[in-house]
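Excluded from the calculations below are hydrogen atoms, water molecules and symmetry mates; all remaining heavy atoms, backbone and side chain alike, are included.
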Amino acid sequence: MPETILVVEDEPALQETLAYNLKKEGYTVETAGDGRAALESARRLKPDLLVLDIMLPELDGFEVARILRKEMITPILMLTARDDEIDRVVGLEMGADDYLTKPFSMRELMARVKAQLRRSRLLREELSKESAEAPHETLEFGNLIINLTRGEVTLDGQPLQLKPQEYQLLVFFAEHKGQMLSREFVLERVWGWDYIGDSRTVDVHVRWLRQKIEKDPANPQRIVTVRGGGYRFEG
Ligand code: CA
């Protein structure tokens, strides 16, 4: 069954381009041009992924995300156009799983869409507890291989002993390869809304992870620190 993507974008030309390119990749695509229509379609379709513009008529994307977050686990990929929007998305007051800044290339979009759909599949599998028969999905970065199906990580073919949070953190980094991730964003997405702690939690876990996956943890090549910002996973 092809996966279903709901594209919410009020600019007709961009909506059409997004729908066209996603259909070409084999996805079932529906579109909505304002926030209210987005809510209706999402509730009816229960899509596997929502591509959600922020500046929309009726309800904006933030509001749509806030409402749908309470109703479904569908991942949300937000499209942002302005710096102040990016701040809000990265700060993750709203329930976006990932974001893209306009203008973006279709190649970038597809990479994010695939990452989020993989997440979506895993969530659904987890919920339905049918993962036993699923083919192994892996993320490979040279000698570092993450087996998403089994929840295992190997380095040079040797299994790594990772704590659950270290594993979650690594998978999150891996799915956002090359993207600058603020500590707050990581905390929010990996530890969750109601986690009581601060962003030093992220630093501590990054340090532990580095000791396990970096050749020289003092000079990390995989998880690099972005000055004044957060971290970036280089693969
Ligand atoms: Ca718009």
Side-chain angles (χ1 to χ4, degrees), residues 3 48-49 69 72-77 90 92 95-99 111-226 229-235:
E3 284 156 310
D48 298 288
L49 173 68
R69 257 293 158 262
M72 52 188 79
I73 58 164
T74 304
I76 299 174
L77 173 60
V90 173
L92 264 301
D97 294 276
D98 200 358
Y99 69 98
R112 300 295 172 78
V113 162
K114 283 183 183 143
Q116 288 307 321
L117 284 174
R118 189 165 52 228
R119 243 179 125 72
S120 175
R121 272 199 300 277
L122 288 174
L123 279 171
R124 276 162 210 265
E125 276 174 16
E126 240 171 74
L127 288 178
S128 60
K129 295 188 171 33
E130 290 171 357
S131 58
E133 298 296 311
H136 290 189
E137 290 204 54
T138 58
L139 295 172
E140 304 197 16
F141 307 96
N143 59 354
L144 177 70
I145 298 171
I146 305 171
N147 185 321
L148 296 169
T149 313
R150 296 172 62 93
E152 285 175 3
V153 181
T154 58
L155 185 68
D156 288 324
Q158 298 299 312
L160 289 180
Q161 302 298 322
L162 296 182
K163 297 190 192 110
Q165 290 294 5
E166 292 170 349
Y167 173 76
Q168 296 291 340
L169 182 61
L170 179 60
V171 170
F172 185 73
F173 276 135
E175 287 176 336
H176 295 78
K177 187 184 165 192
Q179 194 179 332
M180 199 283 275
L181 302 166
S182 73
R183 290 175 175 80
E184 291 71 25
F185 183 78
V186 174
L187 191 71
E188 152 69 32
R189 299 320 300 169
V190 178
W191 276 265
W193 285 104
D194 31 18
Y195 179 75
I196 301 183
D198 63 32
S199 53
R200 271 170 302 185
T201 305
V202 178
D203 297 335
V204 170
H205 281 78
V206 165
R207 203 181 320 136
W208 290 341
L209 253 188
R210 279 174 172 162
Q211 280 163 7
K212 293 176 180 176
I213 68 168
E214 297 280 359
K215 204 178 276 175
D216 176 6
N219 290 296
Q221 306 293 311
R222 294 198 133 120
I223 305 173
V224 302
T225 303
V226 182
Y231 296 102
R232 194 175 58 240
F233 184 70
E234 299 286 14

Do V171 and R118 come close enough that some side-chain heavy atom pair is under 4.5 Å?
no
Where I213 and R222 come nearest, the two heavy atoms and their spacing:
O-NH1, 3.4 Å
How many angstroms lie between atom CG of D216 and atom CD of Q221, to the nearest 0.5 angstrom?
8.0 Å
What are the two closest heavy atoms between R183 and V202, and how far apart are they?
O-CG2, 3.6 Å
Point-to-point distance, once rounded to the nearest 0.5 Å, from OG1 of T201 to CH2 of W191
6.5 Å
Begin with the C-alpha distance, continue with both residues' side-chain angles, and end with the deciding distance and a verdict on side chain to side chain contact (heavy atoms under 4.5 Å, CB included) for L169 and L162.
CA-CA 10 Å; L169 182 61; L162 296 182; over 6 Å; no
Report yes if the side chains of E214 and P220 come closer than 4.5 Å at any heavy-atom pair, otherwise no.
yes
Closest non-hydrogen contact found for P217 with Q211 is CG-CA, 3.9 Å
What are the two closest heavy atoms between R150 and N147, and how far apart are they?
N-OD1, 2.9 Å
Are Q179 and Y99 close enough, and set up right, to give a side chain to side chain contact (heavy atoms under 4.5 Å, CB included), and what steps lead you there?
CA-CA 10 Å; Q179 194 179 332; Y99 69 98; 3.6 Å; yes
Within this structure, what is the CD-CD1 distance for the pair E140 and I145, rounded to the nearest 0.5 Å?
4.0 Å
Any side-chain to backbone donor/acceptor pair from R232 onto V226? Under 3.5 Å, distance only.
no
Would you give the length of the straight line joining atom OG1 of T138 to atom CD1 of I146, rounded to the nearest 0.5 angstrom?
9.5 Å
Return the CG to CD distance between D48 and Q116, rounded to the nearest 0.5 Å.
12.0 Å
Find out whether E3 and L49 are in side-chain contact, i.e. whether some heavy atom of one side chain is under 4.5 Å from a heavy atom of the other.
no
With side chain to side chain contact (heavy atoms under 4.5 Å, CB included) as the criterion, how do Q165 and W208 come out once you've worked through the C-alpha distance, each side chain's angles and the decisive distance to 0.1 Å?
CA-CA 11 Å; Q165 290 294 5; W208 290 341; over 6 Å; no
Please tell me if the side chains of L155 and K212 come closer than 4.5 Å, counting only heavy atoms from C-beta onward.
no
Which atoms form the tightest heavy-atom contact between Y167 and G151, and what is the distance?
OH-CA, 3.3 Å
Distance-minimising heavy-atom pair for L139 and A174:
CD1-CB, 3.7 Å
Worked verdict on F172 versus F185 for ring-ring contact (aromatic ring centres under 6.0 Å, His included):
CA-CA 11 Å; F172 185 73; F185 183 78; 5.7 Å; yes
Value for CG (L160) from CG (L170), rounded to nearest 0.5 Å, stands at 8.5 Å
Checking V186 against Y231 for the side chain to side chain contact (heavy atoms under 4.5 Å, CB included) test, could you report, in this order, the C-alpha distance in whole Å, the side-chain angles of both residues, the deciding distance, and whether it holds?
CA-CA 9 Å; V186 174; Y231 296 102; 5.5 Å; no
Whether the side chain of T149 engages the backbone of E137 through a donor-acceptor N/O pair (distance < 3.5 Å, no angle test) should be reported.
yes
